[in-house]
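Order of appearance sets the numbers: ligands from 1, and atoms from 1 within every ligand.
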Amino acid sequence: MISFLMRRTIPRCRAYSSQTTSELTKVEVNEKTGVAVVTLNRPPVNGLNVAALRSLEKVIGDLETNKCKGLILSSSSKNIFCAGLDLTEIYKPDQEKLKSLWTAFQDLWIKLYGASFPTTAALNGHAIAGGCVLALSCDYRVMVPNSSIGLNETELGISPTAWIIASMQNVLSKRSVELALLQGRIYKTNQALEIGLIDEIANDKDETIKKCEEFIAKYSRVQSLAFSLTKRELRGKAISELTSNRQGDLQFFVDSINNPSVQKFLEKYLQSLKSKKN
Ligand SMILES: CCCCCC/C=C\CC(=O)SCCNC(=O)CCNC(=O)[C@H](O)C(C)(C)COP(=O)(O)OP(=O)(O)OC[C@H]1O[C@@H](n2cnc3c(N)ncnc32)[C@H](O)[C@@H]1OP(=O)(O)O
């Protein structure tokens, strides 16, 4: 539970009282500001499997219950924020696990995109596909130089579903969304800033977190209820479109992943990732 983290105890470190929620998602809540740094911790690339998705979803739910003042999503990796869905879970998949994977991703997105407090992504490295979706689901993105971000689904042979497109449309111009998605384009940090896919560049991980804290501090005079109602007004349509079509969305994902040409591509893609080292 996060509740005991929020108790006023003597901080064990200067700013943050640090606690571990699970091995997969670490949470530190600043007792003064009520802002939580939530760190993805699934080496080597924070690949999103069911356990990682559920762990993050639970943390966000707990933060919601405990009236968190802001969220900074970060990663324990040196140079990777998140490489998206765990490719080994979608290549030659177990069908029940595949369904659980997508259902968990839907649940997480509903919580993160609809969070009633300010959310930020401190992108200390690459944010690809599902990793980019996490970043887009937040209200603000700060990224370190020489990293990559984007939705490469069309390159993988799959089409991003409506709620993923909506998350990108919430951030980019219609034209940029078309180019980004139809080309399955991955952007370097400076290109991402140019099109508005990220909001700021920071020199290193510490600075990404500092800039996210500064962004969240801008909301200190905004009333929480007004914030959450306004966010619901702005984002509610995309969320209800998914909640009213969860089964259809799941079926589309399952069918797309099981498509033989997608499986063939994934086989080569995984091999190419592995052979990079040789
Ligand atoms: C039908 C509806 C669907 C709609 C949309 C679905 C939404 C999301 C789909 C997805 O998220 S699919 C995942 C797509 N992800 C990627 O394409 C990223 C692939 N990875 C990379 O590009 C690179 O790994 C990186 C993230 C840029 C990092 O590069 P780096 O050189 O630092 O590290 P690597 O050596 O490449 O990787 C280390 C290690 O991790 C393995 N790995 C990388 N990515 C994944 C992954 N997504 N899942 C599982 N494993 C991954 C990689 O193979 C290496 O393994 P080893 O060789 O060390 O065994």
| message | Could you go through Phe117 and Ile216, starting from their C-alpha distance and side-chain angles, then the distance that decides it, and tell me whether this counts as side-chain contact (heavy atoms from CB on, under 4.5 Å)? | response | CA-CA 9 Å; Phe117 44 80; Ile216 292 169; over 6 Å; no

Backbone N/O of [Y] and side chain of [X]: donor-acceptor pair under 3.5 Å:
{"X": "Asn46", "Y": "Phe81", "result": "yes"}
{"X": "Arg141", "Y": "Ala121", "result": "no"}
{"X": "Ser74", "Y": "Thr39", "result": "no"}
{"X": "Ser76", "Y": "Leu40", "result": "yes"}
{"X": "Glu207", "Y": "Asn203", "result": "yes"}
{"X": "Gln263", "Y": "Lys92", "result": "yes"}
{"X": "Thr189", "Y": "Ser147", "result": "yes"}

| Heavy-atom distance to atom 22 (O) of ligand 1: which of Asn49, Leu273, Val133 wins? |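 Looking at heavy atoms only, the winner is Leu273.
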
| So which of Tyr91, Trp109, Tyr269 gets nearest to atom 19 (C) of ligand 1, if we judge by its closest heavy atom? |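 Looking at heavy atoms only, Tyr269 sits closest to atom 19 (C) of ligand 1.
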
Taking heavy atoms and a distance under 4.0 Å, where does [X] meet ligand 1: side chain, backbone, both or neither?
{"X": "Leu156", "result": "side chain"}
{"X": "Pro160", "result": "backbone"}
{"X": "Ser159", "result": "backbone"}
{"X": "Ile164", "result": "side chain"}
{"X": "Leu48", "result": "neither"}
{"X": "Ile80", "result": "side chain"}
{"X": "Leu85", "result": "both"}

Please report which non-hydrogen protein atom sits nearest to [atom], along with the residue it belongs to and the distance in Å to one decimal place.
{"atom": "atom 39 (C) of ligand 1", "result": "Pro44 CG, 3.8 Å"}
{"atom": "atom 56 (P) of ligand 1", "result": "Lys277 NZ, 3.2 Å"}
{"atom": "atom 7 (C) of ligand 1", "result": "Glu153 OE2, 3.1 Å"}
{"atom": "atom 29 (O) of ligand 1", "result": "Lys276 NZ, 3.5 Å"}
{"atom": "atom 25 (C) of ligand 1", "result": "His126 CD2, 4.4 Å"}
{"atom": "atom 48 (N) of ligand 1", "result": "Leu87 N, 2.8 Å"}
{"atom": "atom 37 (O) of ligand 1", "result": "Val45 CG1, 3.9 Å"}
{"atom": "atom 18 (C) of ligand 1", "result": "Ala83 O, 3.5 Å"}

| Taking atom types as modelled, is there a side-chain donor on Asp255 or Gln251 under 3.5 Å from an acceptor on the other? |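 On atom types as modelled, these side chains qualify, holding a pair under 3.5 Å.
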
In terms of atom number and element, which parts of ligand 1 are under 4.0 angstrom from non-hydrogen atoms of [X]?
{"X": "Gly84", "value": "11 (O)"}
{"X": "Asn79", "value": "32 (O)"}
{"X": "Ile128", "value": "16 (C), 17 (O), 18 (C)"}

| query | Going by an N to O cut-off under 4.0 Å, is there a salt bridge joining Lys264 and Glu267? | reply |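 Judged by the 4.0 Å cut-off on N to carboxylate O distance, Lys264 and Glu267 do not form a salt bridge.
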
| task | Taking only Lys NZ, Arg NE, NH1 and NH2, and the carboxylate oxygens of Asp or Glu, determine whether Lys210 and Asp204 approach each other closer than 4.0 Å. | result |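 Answer for the salt bridge query: no.
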
Looking only at distance, does [X] have an N or O less than 3.5 Å from an N or O of ligand 1?
{"X": "Lys274", "answer": "yes"}
{"X": "Gly130", "answer": "yes"}
{"X": "Trp102", "answer": "no"}

| Residue-ligand contact Ser256/ligand 1, heavy atom below 4.0 Å |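 Yes.
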
Identify each donor-acceptor pair in which a side-chain atom of residues 109-116 lies under 3.5 Å from a protein atom, sequence neighbours left out, and give them as a table.
residue : atom : partner : partner atom : Å
Trp109  : NE1  : Ser167  : OG           : 2.9
Lys111  : NZ   : Glu57   : OE2          : 2.6
Ser116  : OG   : Glu64   : OE2          : 2.1

| request: Using side chain to side chain donor-acceptor pair (under 3.5 Å) as the criterion, list what pairs up with Lys211, not counting sequence neighbours. | output: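 Lys211: side chain to side chain donor-acceptor pair (under 3.5 Å) contacts with Glu200.
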
| Which pair of non-hydrogen atoms, one from Ile257 and one from Ile90, has the smallest distance, and what is that distance? |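 What the structure gives for the nearest pair is CG2-O, 3.2 Å.
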
